[in-house]
Amino acid sequence: MNPKFLAVYLLLLWQLQLFPNAKANQILWSTVSPSGTYAVAGPESDPTSKDNSKAAVNDDPATEFSIVNIQTQQPVLGFSGFKQTDFATLGLVDESSIQAFCAWAPQEDHLLIVNALDPSACLQVDLPDGRVSQVGPTLAAAATRIANGRATHKSSHSAQPTHFSIVDAHFISSHECYVTVNIDSGSGSEARVDLYFQVNAGGNSLAFERSEPYPNPNQPLGASILAARQVEHFYQTLRGVLDEPNRRILTMEQQSWLGAREYLGNYEDRVVFSQNRITELKQKLQQELQKK
């Protein structure tokens with residue numbers, strides 16, 4: 001072979017080996033980071049693929065996912081242990097249908113990948129250090145401790161199995177997060193509690209800090225807190241899917257909205273004010289996702 005053609009051939013071969021799955025990533029927009037830089041991506045489903053059909057039949061949970069840089073489409077870090085159907089492709093889901101979701105730290109240096117139905121399978125990601133750690137056992141142990149503490153205050157003739165599920169998670173900072181756990185004692189009674197954890201950056205682990213009562217949705221203050229959490233979730237997802245100019249506009253709108261809410265001294269008024277904002281953010285998010 002002509003040496004000139006050989007050099008071109010080797011270059012093309014190297015590029016194919018370097019980027020074999022460059023077009024195989026499907027971005028899951030429900031997992032986008034606050035700045036819109038990162039998101040979880042899974043393999044693009046191919047209905048004609050025999051391997052895809054086999055995986056669907058066997059319900060294989062070991063799908064390989066990547067945290068990708070949305071701008072460059074390049075993978076940053078990989079993880080497995082979840083199914084493609086666990087994550088919502090878009091950013092609008094009902095709580096009852098959530099199986100897996102992500103909670104990003106404000107600086108996007110840490111990420112909690114939550115398995116809502118199996119807390120023991122949750123992962124913690126340290127992007128700067130490129131590490132993925134199993135933090136599920138820590139979450140499950142903390143939830144078990146709280147559940148056992150609640151059980152000692154109740155009279156029961158027989159022990160009932162306890163089941164846990166995670167319904168929410170949020171980073172307060174890069175060093176602290178909370179996880180809302182639903183505790184099902186098996187006797188028809190359920191209770192929610194917020195578990196707070198310190199983020200150990202050195203070991204990429206979580207350390208249980210304290211528990212706090214879940215806000216009571218039947219009281220004005222609790223309903224106001226929960227509505228504010230919903231606003232924050234929709235706001236973060238929307239920021240992630242917008243381009244930079246519209247993201248700056250949204251930030252200014254949100255700052256103005258937060259200032260107006262602070263002037264409302266009545267918590268019931270704050271709930272209505274937040275619900276109206278949720279409707280606005282949801283409409284904007286639907287419009288943006290239709291463009292993806």
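Small disclaimer: the values here were computed from a predicted structure and weren't measured.
- Results of the side chain to side chain contact (heavy atoms under 4.5 Å, CB included) test with Tyr38 over Ile70, Val76, Val125 single out Val76 as the only residue that passes.
- Checked by atom type and distance alone, the side chain of Asn246 never pairs as donor or acceptor with a backbone atom of Asp243 at under 3.5 Å.
- Under the 4.5 Å side-chain criterion, counting only non-hydrogen atoms from C-beta, Leu127 is not in contact with Asp109.
- Grouping the Ile, Leu, Val, Met, Phe, Trp and Tyr side chains by contacts below 4.5 angstrom, directly or via other members, places Leu112 apart from Ile172.
- Between Gln230 and Leu281 there is no side-chain heavy-atom pair separated by less than 4.5 Å.
- The shortest side-chain heavy-atom distance between Trp257 and Val231 falls under the 4.5 Å cut-off.
- Closest heavy-atom contact between Ser80 and Glu64: CB-OE1, 3.6 Å.
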Practice item. Take Asn182 and Tyr214, measure what side chain to side chain contact (heavy atoms under 4.5 Å, CB included) needs, and give me the verdict at the end. Key: CA-CA 10 Å; Asn182 188 71; Tyr214 184 73; over 6 Å; no

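- Using a 4.0 Å cut-off between charged side-chain N and carboxylate O, Arg229 and Asp194 make a salt bridge.
- Atom CD of Glu288 sits about 6.5 Å away from atom CG of Leu238, to the nearest 0.5 Å.
- The minimum heavy-atom distance linking Lys282 with Phe234 is given by the pair CE-CZ, 3.7 Å.
- How far CD of Glu209 is from SG of Cys177: 9.5 Å, rounded to the nearest 0.5 Å.
- Under the 4.5 Å side-chain heavy-atom criterion for grouping Ile, Leu, Val, Met, Phe, Trp and Tyr, Leu264 is not connected to Val272 through any hydrophobic cluster.
- Looking at Thr251 and Tyr235, their side chains come closer than 4.5 Å, going by heavy atoms from C-beta outward.
- Side chain of Arg247 to main chain of Arg239: a donor-acceptor pair is present (N/O by atom type, distance under 3.5 Å, no hydrogens or angles).
- Of all the heavy atoms in Ile146 and Leu195, the pair that sits closest is CG1-CD2, 3.7 Å.
- Looking at every heavy atom in both residues, Pro106 comes nearest to Phe171 through CD-CB, 4.0 Å.
- By the criterion of side-chain heavy atoms lying less than 4.5 angstrom apart, applied directly or through intervening Ile, Leu, Val, Met, Phe, Trp or Tyr residues, Ile278 is not grouped with Val271; the two fall into different hydrophobic clusters.
- Distance CD/Gln236 to OG/Ser35: 9.5 Å, rounded to 0.5 Å.
- Using the six-membered ring where Trp is involved, Tyr178 and His170 have ring planes that are tilted, between 30° and 60° apart.
- Expressed to the nearest 0.5 Å, how far CG of Leu139 lies from CZ of Phe164 amounts to 11.0 Å.
- To the nearest 0.5 Å, atom OG of residue Ser205 and atom CD of residue Gln198 are 11.0 Å apart.
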**Study point:** side chain to side chain contact (heavy atoms under 4.5 Å, CB included) between Arg192 and Val181, intermediate numbers included
**Key:** CA-CA 6 Å; Arg192 291 184 178 184; Val181 177; over 6 Å; no

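- Counting heavy atoms from C-beta outward, Phe82 and Leu123 have side chains that approach closer than 4.5 Å.
- A donor-acceptor distance shorter than 3.5 angstrom exists from the side chain of Thr237 to the backbone of His233, with no hydrogens or angles considered.
- Minimum heavy-atom separation, Leu77 to Gly130: CD1-O, 3.5 Å.
- Residues Tyr196 and Phe208 come closest through the heavy atom pair O-CD1, 3.7 Å.
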Practice item. Decide yes or no on side chain to side chain contact (heavy atoms under 4.5 Å, CB included) for Phe79 and Ile67, but give the supporting numbers first. Key: CA-CA 8 Å; Phe79 67 93; Ile67 299 172; 4.1 Å; yes

Practice item. With side chain to side chain contact (heavy atoms under 4.5 Å, CB included) as the test, would you mind laying out the steps for Glu253 and Glu280 before giving the verdict? Key: CA-CA 12 Å; Glu253 291 178 351; Glu280 295 172 354; over 6 Å; no

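- A chain of hydrophobic side-chain contacts below 4.5 Å, direct or via other Ile, Leu, Val, Met, Phe, Trp or Tyr residues, connects Leu285 to Ile27.
- For the atom pair Ser211 OG and Phe197 CZ, the distance stands at 10.0 Å (nearest 0.5 Å).
- Classification of Arg248 and Glu244 as a salt-bridged pair holds, one side-chain N sitting under 4.0 Å from a carboxylate O.
- Side chain of Ser274 to main chain of Ala227: no donor-acceptor pair is present (N/O by atom type, distance under 3.5 Å, no hydrogens or angles).
- A side-chain donor from one of Ser33 and Glu108 sits under 3.5 Å from a side-chain acceptor of the other.
- In this structure, the side chains of Glu212 and Val193 stay at 4.5 Å or more apart for every pair of heavy atoms.
- Here the side chain of Ser173 pairs a donor or acceptor atom with the backbone of His175 at under 3.5 angstrom.
- Side-chain contact between Cys102 and Val40 is present, with heavy atoms from C-beta onward closer than 4.5 Å.
- For the pair Leu111/Thr31, no side-chain contact is recorded, criterion being any heavy-atom separation below 4.5 Å from C-beta on.
- More than 12 heavy-atom neighbours from other residues, nucleotides or ligands sit within 6.0 angstrom of CD on Glu232.
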